[in-house]
Amino acid sequence: MPGEQSISTSNEEHIRLRNALRESELLRELSELLASSLDPTHILQILVRRTTEVCEVQRCAVWLLDEAQMSFLPSAYHLNASNFPPKALQAADHVWHRSRFPFHDPIVQHLVQQQPCLALSDLASTSSSHMLLLADKFLVRSILLIALLREGKPVGIMSLDNPQQETLFSAEQQQLARAIGQQAALTIHNARLYQQAQSERKRAERLIQRARSIYQVAMAVNSGEELATVLHIATQHLQQGFGTGKAAIALLSQDMTLSVMSQGESTASTPNEGPHLPALSHCQQAATTGKTYFIPSDQATPHERAWFQQLGFEQVLVAPLMGNLPRQHSRRTARGETSCLGLALIGFPLHARAPSQGYRAFALDIAAQCALAIEKDHILQEARQAAALANERANTLDVIFNAMSEGILVLGMQGETILSNHMARRYLETSFDAQIDLSKLLQHRHISTLRGKTIPPERFPIVRALRGEYIRGERYVTTSADGSERTMEINVEPLLDDQQQQIGIVSAFRDISEQIRSERRVRRALDTMLHAAEAVSGLTNLHDMLQSLLGKTLASLHCDRGMVQLYNQEQHVFEPYLSIGFAPEEEELWQQEQQTWLMPTEGQYTGFREHLLAGHALQVSAEQCPEQPNPFAETMLIAAPIMHHNDLHGVILLDRSTTLRREQHPQEGATRPLRHPVFNVWDLAVAEGIAQFAGLAMEQMHWQKEATLARTSEELMRQSNDLKDEFLDITAHEFRTPLTIIVAHSQMMARLLRKHQLEPVLQDKLHESIATIDQQGHQLTNIVNTFLEVTRLNRGQIVLNTEELDVQRIVERTVAEHAMTSPMHTITCQVQTGAHPYLILGDSARLSQVFANLLQNAIKYSPFGGSITVTLQQTPNASGDPFVEIRIQDQGIGIPLDAQARLFERFYRAPNIEGNKTRGVGLGLYVVAQFLSLHGGHICVESSGIPGEGSCFILTLPLVERSDIIEA
Ligand code: ADP
């Protein structure tokens with residue numbers, strides 16, 4: 001039926017048209033709706049809601065593709081099912097939020113690549129696990145899946161279903177859904193693009209913001225702001241830039257401690273002493289590498305965590321402040337290398353992610369600006385210090401320059417003043433502000449040499465120096481405006497520029513008037529003393545000497561009269577000795593006046609006398625004596641003590657009173673010009689010197705006298721000694737003959753007695769007497785022999801009978817003889833072996849006598865039973881020559897220490913023998929010493945002086961060398 005057919009066709013057509021109209025209407029409405037927002041979330045919400053309405057389904061959901069995860073992730077869904085049990089809905093919602101379609105899921109693949117609109121009537125029958133999960137938990141039975149494609153590429157998936165219902169999706173529904181899907185894909189794509197653009201813009205804004213921050217900090221650095229302010233600004237920018245509100249800047253000091261200089265909002269610039277950098281390992285790393293470090297709270301070292309906590313930070317980004325400041329303590333920091341000057345710290349909340357490279361670069365840029373500010377501050381401080389120092393030096397130099405006692409005048413080559421100090425202007429008598437005009441000055445000033453010869457201006461030293469002459473230590477006399485004369489000394493040096501070209505002169509001049517005056521005075525004083533010395537040098541008489549000295553001194557010190565008084569050291573009084581210049585009647589009066597202070601009565605003018613006794617010259621005048629009554633109104637004298645070796649011998653009084661009187665009373669009329677009324681220090685010094693000289697001369701005279709006396713007595717002594725020797729000689733000779741006769745007769749008597757038988761008692765008595773005569777006779781003979789030997793020694797008449805001897809044998813023989821004759825003593829001889837024979841050149845008889853004398857003394861001055869030891873050993877003398885040393889040690893009475901030096905003198909007997917009945921004349925040791933000396937030997941003694949500790953006589957004699965023996 002064509003009619004029916006056409007009717008049905010037109011109906012279908014109508015429906016189709018209506019549907020198309022509706023569809024386009026819907027799509028238009030939807031596109032308007034979608035275009036009303038650029039927020040993808042919002043758009044999707046509208047989409048899913050309107051799709052359920054338009055497509056007449058209960059639920060619509062959208063999954064969007066996450067390319068990174070290669071999955072479609074749930075983005076929005078709408079459920080229009082009021083009759084659903086809420087619990088089931090909740091569970092479904094929960095599942096949906098966790099659902100995902102992996103890109104490789106076969107259904108997804110099919111949908112995306114082949115069939116962008118896929119209606120699945122029974123989801124439970126599919127093989128996709130993801131779809132099964134969706135069916136099960138999301139309560140889906142039938143589903144219409146739409147691929148959201150943009151330019152062929154998937155953007156997402158849209159699903160339509162009626163929960164828990166099987167649905168057959170009409171073609172119209174499917175078409176509509178597809179159209180919506182296309183629209184949605186476009187909108188989502190656009191929204192995403194928009195979002196991207198938005199984030200790009202934000203990023204650009206952030207970059208601009210950071211650049212601006214860095215610029216502002218840099219501006220602060222360059223504008224010369226204080227370091228604290230710059231750091232504060234930098235901290236604020238770090239806070240703003242990172243948006244965390246937490247930032248701080250810590251500076252690193254020389255000893256590697258960190259001090260927080262600026263933190264957060266606080267404007268306080270007081271440094272907060274922080275930890276030691278090496279203790280913070282991450283911060284230390286940042287400091288050494290120059291890179292930023294992000295330190296999450298769980299990675300911070302305990303020290304770091306403690307410090308960050310103190311700053312109120314949880315996680316921290318550290319940016320080192322790298323600069324060029326030299327640090328002596330850091331080895332790494334060679335000149336020109338950068339080193340860490342501090343740290344910028346940015347705090348982050350606990351779970352915040354590590355900042356991006358861009359942020360780190362920003363932090364480093366700000367840190368670099370801070371480092372620049374620190375360097376600048378350092379340089380500025382150094383410059384300030386240098387400036388202050390330079391200023392101080394300049395001021396000091398200026399003060400020194402002006403305080404100098406020398407006048408300094410610096411002139412250019414044309415004579416123009418470049419520089420002058422106060423003294424120069426004073427000497428040149430120019431006001432401080434006026435220019436010094438040299439030629440004008442020279443024209444108006446009279447300048448002369450020290451001898452009074454005028455110096456014309458062109459010959460003035462400065463003018464000559466300007467002409468290139470060398471001026472050193474020149475002297476001239478200038479007359480001041482007030483007429484006084486001044487002697488000047490001038491030195492001139494050339495002034496050179498840095499090319500060593502002369503650009504002027506530096507002249508230094510000083511006033512030496514006083515020096516010249518002193519020099520003259522010294523010369524005069526020396527002259528005076530020299531003349532005085534010459535005058536007395538030939539004199540031996542005390543009176544003549546003192547008179548000459550007084551006369552010379554009076555003349556050179558311009559005094560009228562004077563007196564010398566000698567000091568009586570026993571009675572402590574001064575006694576007049578001689579005077580010059582007094583009229584006979586005035587001397588006594590004058591003397592009385594001087595007695596008032598030379599011998600003051602209690603408490604009066606004692607100062608003068610004490611001064612004098614202490615050895616000082618003094619001036620006696622009214623001025624020196626403020627006491628009342630003052631008798632010295634018309635007195636002007638110097639009193640100089642004559643001293644030597646702290647002994648006062650007298651006083652020289654030099655009087656100028658008459659000159660003073662004439663000055664005070666001019667009407668009394670003096671024809672002589674009145675000069676030097678008052679003494680000056682030089683007069684005092686001269687008087688003191690002359691008096692000392694007098695003391696010396698007196699002392700010398702005294703010693704000369706003593707020496708003459710000594711010479712006389714020595715001569716007398718020599719004569720008496722000669723007489724003594726002569727007497728001894730004669731006595732000895734005279735004694736010898738009768739002694740020999742006595743001894744011979746006693747021996748003869750003994751022989752006769754033995755021949756003739758007498759009564760035994762008488763015979764014993766006679767024998768005893770004869771033995772006594774014999775013993776005493778021998779002793780006397782010994783004494784006489786000694787006397788004779790001594791006189792011969794004194795006269796040099798002893799001649800040694802020298803031969804080569806073994807001294808050991810002589811000693812042993814002498815010891816043996818004495819051991820035999822003195823059995824009460826133990827006399828032994830010890831010889832050091834290895835060194836003998838002890839060969840010497842000597843006189844055997846004399847040497848035997850030497851040892852005998854010493855052994856006899858040892859026996860004589862030791863108690864019975866005492867041991868006497870003689871030892872022999874070889875010893876070198878100071879120059880290394882071999883000597884034999886013989887020691888005779890006893891255990892006797894010893895020799896007092898103070899007697900030991902005199903032991904070898906003639907007739908000396910030590911006090912140790914007092915109370916000792918030993919006989920002797922004190923010649924034994926003398927003879928020993930003399931004989932030894934004739935042998936080139938020597939003797940000394942050692943004894944503590946304590947009785948019982950004994951004495952030891954030590955003899956040395958030169959040994960004959962082996963070679964000598966062979967040659968001999
Ligand atoms: P003297 O004839 O008195 O013994 P010497 O010249 O021999 O004269 O001795 C001088 C003095 O030295 C002695 O008087 C005595 O005081 C002292 N003297 C000498 N030898 C000894 C000795 N071995 N012990 C103590 N004193 C001695």
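Starting from 1, each residue takes its place in the sequence as its number. Note that ligands are numbered from 1 as they come in the structure, with each ligand's atoms numbered from 1 the same way.
- Residues Q719 and E715 bring a donor and an acceptor atom of their side chains to less than 3.5 Å of each other.
- Within the 4.0 Å heavy-atom cutoff, Q856 does not count among the residues contacting ligand 1.
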For Q808 and E812, run side-chain hydrogen bond (donor to acceptor under 3.5 Å, both in side chains): C-alpha distance rounded to whole Å, both residues' side-chain angles, the deciding distance at 0.1 Å, then the answer. CA-CA 6 Å; Q808 184 187 344; E812 280 173 345; 3.1 Å; yes
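- Among all protein heavy atoms, the one lying closest to atom 3 (O) of ligand 1 is R909 NE, 2.5 Å.
- More than 12 non-hydrogen atoms from other residues, nucleotides or ligands lie less than 6.0 angstrom from NE2 of H543.
- A side-chain donor from one of Y926 and N794 sits under 3.5 Å from a side-chain acceptor of the other.
- Of the candidates D890, N912, I895, it is N912 that places a heavy atom closest to atom 16 (O) of ligand 1.
- When hydrogens are left out, the protein atom nearest atom 22 (C) of ligand 1 is Y861 CD1, 3.6 Å; that is the closest non-hydrogen contact.
- Within ligand 1, the atoms closer than 4.0 Å to a non-hydrogen atom of L923 are 6 (O), 8 (O), numbered from 1 in the order shown.
- Where the criterion is an N or O separation shorter than 3.5 Å, residue side chain and backbone included, F953 fails it with respect to ligand 1.
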Stepwise, does the side-chain hydrogen bond (donor to acceptor under 3.5 Å, both in side chains) test hold for Q830 with Q873? CA-CA 9 Å; Q830 293 172 2; Q873 64 173 14; over 6 Å; no
Go through E885 and T875 one step at a time and tell me if the side-chain hydrogen bond (donor to acceptor under 3.5 Å, both in side chains) criterion holds. CA-CA 6 Å; E885 185 186 88; T875 173; 4.6 Å; no
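- Nearest to atom 6 (O) of ligand 1 among the protein's heavy atoms is L925 N, 2.8 Å.
- Contacts between Y908 and ligand 1 below 4.0 angstrom, taking non-hydrogen atoms only, involve the backbone exclusively.
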Might you work through the side-chain hydrogen bond (donor to acceptor under 3.5 Å, both in side chains) test for H649 and E699, ending with a clear yes or no? CA-CA 9 Å; H649 295 290; E699 192 80 8; 3.3 Å; yes
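- For the pair I690/L550, no side-chain contact is recorded, criterion being any heavy-atom separation below 4.5 Å from C-beta on.
- The protein heavy-atom contact nearest to atom 19 (C) of ligand 1 is N857 ND2, 3.4 Å.
- Listed by number with element, the atoms of ligand 1 under 4.0 Å from a non-hydrogen atom of V921 are 2 (O).
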Kindly determine whether R711 and E706 satisfy salt bridge (charged side-chain N to carboxylate O under 4.0 Å, His left out), including the steps that lead there. CA-CA 9 Å; R711 270 200 300 277; E706 293 275 311; over 6 Å; no
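- Considering only non-hydrogen protein atoms, atom 8 (O) of ligand 1 sits nearest to G922 CA, 3.1 Å.
- Distances below 4.0 Å separate heavy atoms of S951 from the following atoms of ligand 1: 24 (N), 25 (C).
- Every atom of ligand 1 with a heavy atom of K860 under 4.0 Å away is listed here by number and element: 1 (P), 2 (O), 4 (O).
- With a heavy-atom cut-off of 4.0 Å, A910 touches ligand 1 through backbone and side chain alike.
- L855 pairs with exactly one of V811, T814, V850 by the side-chain contact (heavy atoms from CB on, under 4.5 Å) rule, that one being T814.
- Between F574 and Y567, the two ring planes are tilted [angle within 30° to 60°].
- Residue G920 has no N or O atom closer than 3.5 Å to an N or O atom of ligand 1.
- The closest approach between any non-hydrogen atom of F904 and ligand 1 is not below 4.0 Å.
- Annotation for ligand 1: atoms under 4.0 Å from non-hydrogen atoms of A858 are 23 (N).
- Residue, atom and distance of the protein heavy atom nearest to atom 12 (O) of ligand 1 are L903 CD1, 3.6 Å.
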